[in-house]
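Worksheet for the structure shown next.
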Amino acid sequence: MIFFDTHAHMYDEAFDKDRDELLKLLEKLEYKIVCPSENYETSLQSIELSKKFKNLYAAIGIHPYFAEIDKKCDLKKIFDLVKANSEVVAIGEIGLDYYDKNNNREIQKEYFINQINIAQETDLPVIIHDRKAHGDIFSIIKKMKKHNLRGIMHSFSGSIEFANEMIKSDFYISFAGPVAYKNSKRIKEIARIIPLERMLIETDSPYMTPPPFTGQRNTSLNLYYIAKEIAALRNISIEKIIEITYQNAMDIYGLK
């Protein structure tokens, strides 16, 4: 079985003590990993890791949280990094985060829209962070829709109706650790019924660790437990889930 973790923050300080050892192990096990960024600094770190490990690819961009706290983020630098580094396979993670009602939503929208423009100009998919912002996410995607706008709804948390609309807009729905949480009934139901050809899996390492390791640092090695949960929900083999989500990830990221 060859796993594809579509979202793992391998530059995070949680991996400082054993990052290289872990990535060497994952490389030996033939895992593929996309490392999404949060700001310019982590974009550089993702690219550096992607040059060091052949099984790891970079996604670069400004997370809505960083757009909020650093209003001087220079998106031209992000564009220049894309053009200069073939290891970059997506723009992300970008999006909207309305969890804190005090957040400046207009600044978030500005950065989100501008980074979608970068994705369209460079013909790359986007990785979308969506926290309590489903309506505005969909409105912006619908308004900016062009033939090459495509991407991933990272760690999906919306409704089945929203999932279906995003699938119609050429997006994949990605499931992380919460799909295996006991009380995540709505997410479980969505994972059970969406088309397999539009499904991805991720760990969002080092966050959102699935059972039986909840509370511990998450790694790509835990992708098995996410696949296992989805396989049980759909009454098909784990191998089938891993095979399909691997090929889906290869397709959306344009890999061979």
Side-chain angles (χ1 to χ4, degrees), residues 3-10 12 14-15 31-38 59 63-65 90 92-100 103 126-138 151-167 171-236 238 240-242 244-246 248-249 252:
F3 291 84
F4 201 130
D5 188 350
T6 60
H7 200 108
H9 298 277
M10 294 307 303
D12 192 274
F15 297 112
Y31 277 66
K32 289 189 183 294
I33 303 159
V34 167
C35 181
S37 309
E38 299 168 310
H63 186 288
Y65 177 74
E93 60 185 280
I94 65 175
L96 303 174
D97 192 321
Y98 292 172
Y99 180 73
D100 185 344
N103 283 350
V126 293
I127 302 172
I128 293 184
H129 171 102
D130 168 25
R131 196 175 187 191
K132 297 185 178 297
H134 314 318
D136 281 352
I137 291 281
F138 180 63
I152 298 167
M153 297 304 296
H154 146 62
S155 187
F156 188 75
S157 61
S159 65
I160 184 59
E161 293 80 12
F162 182 47
N164 285 333
E165 289 299 325
M166 294 308 296
I167 288 170
F171 276 73
Y172 288 76
I173 307 300
S174 185
F175 296 94
V179 75
Y181 296 169
K182 184 178 180 180
N183 296 324
S184 297
K185 295 180 180 179
R186 177 165 51 85
I187 301 303
K188 289 180 188 293
E189 180 62 12
I190 294 169
R192 188 183 69 81
I193 63 176
I194 70 161
L196 281 173
E197 63 269 20
R198 283 289 161 170
M199 176 184 289
L200 297 170
I201 53 177
E202 62 171 275
T203 59
D204 197 19
S205 300
Y207 315 110
M208 297 196 294
T209 311
F213 302 111
T214 306
Q216 301 178 33
R217 181 188 71 170
N218 201 7
T219 78
S220 295
L221 294 169
N222 290 328
L223 201 61
Y224 170 86
Y225 298 99
I226 296 165
K228 180 181 178 182
E229 177 68 22
I230 295 172
L233 290 168
R234 300 188 75 113
N235 195 28
I236 59 178
I238 298 174
K240 191 68 173 176
I241 292 295
I242 293 166
I244 291 172
T245 55
Y246 175 89
N248 290 345
I252 186 60

Rounded to the nearest 0.5 Å, what separates atom [atom1] in [X] from atom [atom2] in [Y]?
X	Y	atom1	atom2	value
His9	Asp204	NE2	CG	4.5 Å
Phe175	Ile226	CZ	CD1	11.0 Å
Phe156	Ile187	CZ	CD1	6.5 Å
Arg234	Ile194	CZ	CD1	6.5 Å
Ile127	Ile94	CD1	CD1	9.0 Å
Ser157	Ile173	OG	CD1	10.0 Å

Sidechain N-carboxylate O distance under 4.0 Å for Arg192, Glu189: yes
Validation row: Ile252, Phe171 side chains within 4.5 angstrom (heavy atoms): no
Note, Met199 side chain near Leu196 side chain (heavy atom, < 4.5 Å): yes
Geometric class of the His154/His7 ring pair [parallel <30°, tilted 30-60°, perpendicular >60°]: parallel
Whether Phe162 and Phe138 hold their rings parallel, tilted or perpendicular, with breakpoints at 30° and 60°: perpendicular
Side chain to side chain contact (heavy atoms under 4.5 Å, CB included) between Glu229 and Lys188, intermediate numbers included: CA-CA 9 Å; Glu229 177 68 22; Lys188 289 180 188 293; 2.8 Å; yes
Which atom of Val179 lies closest to which atom of Ala191, heavy atoms considered: CG2-CB, 3.8 Å
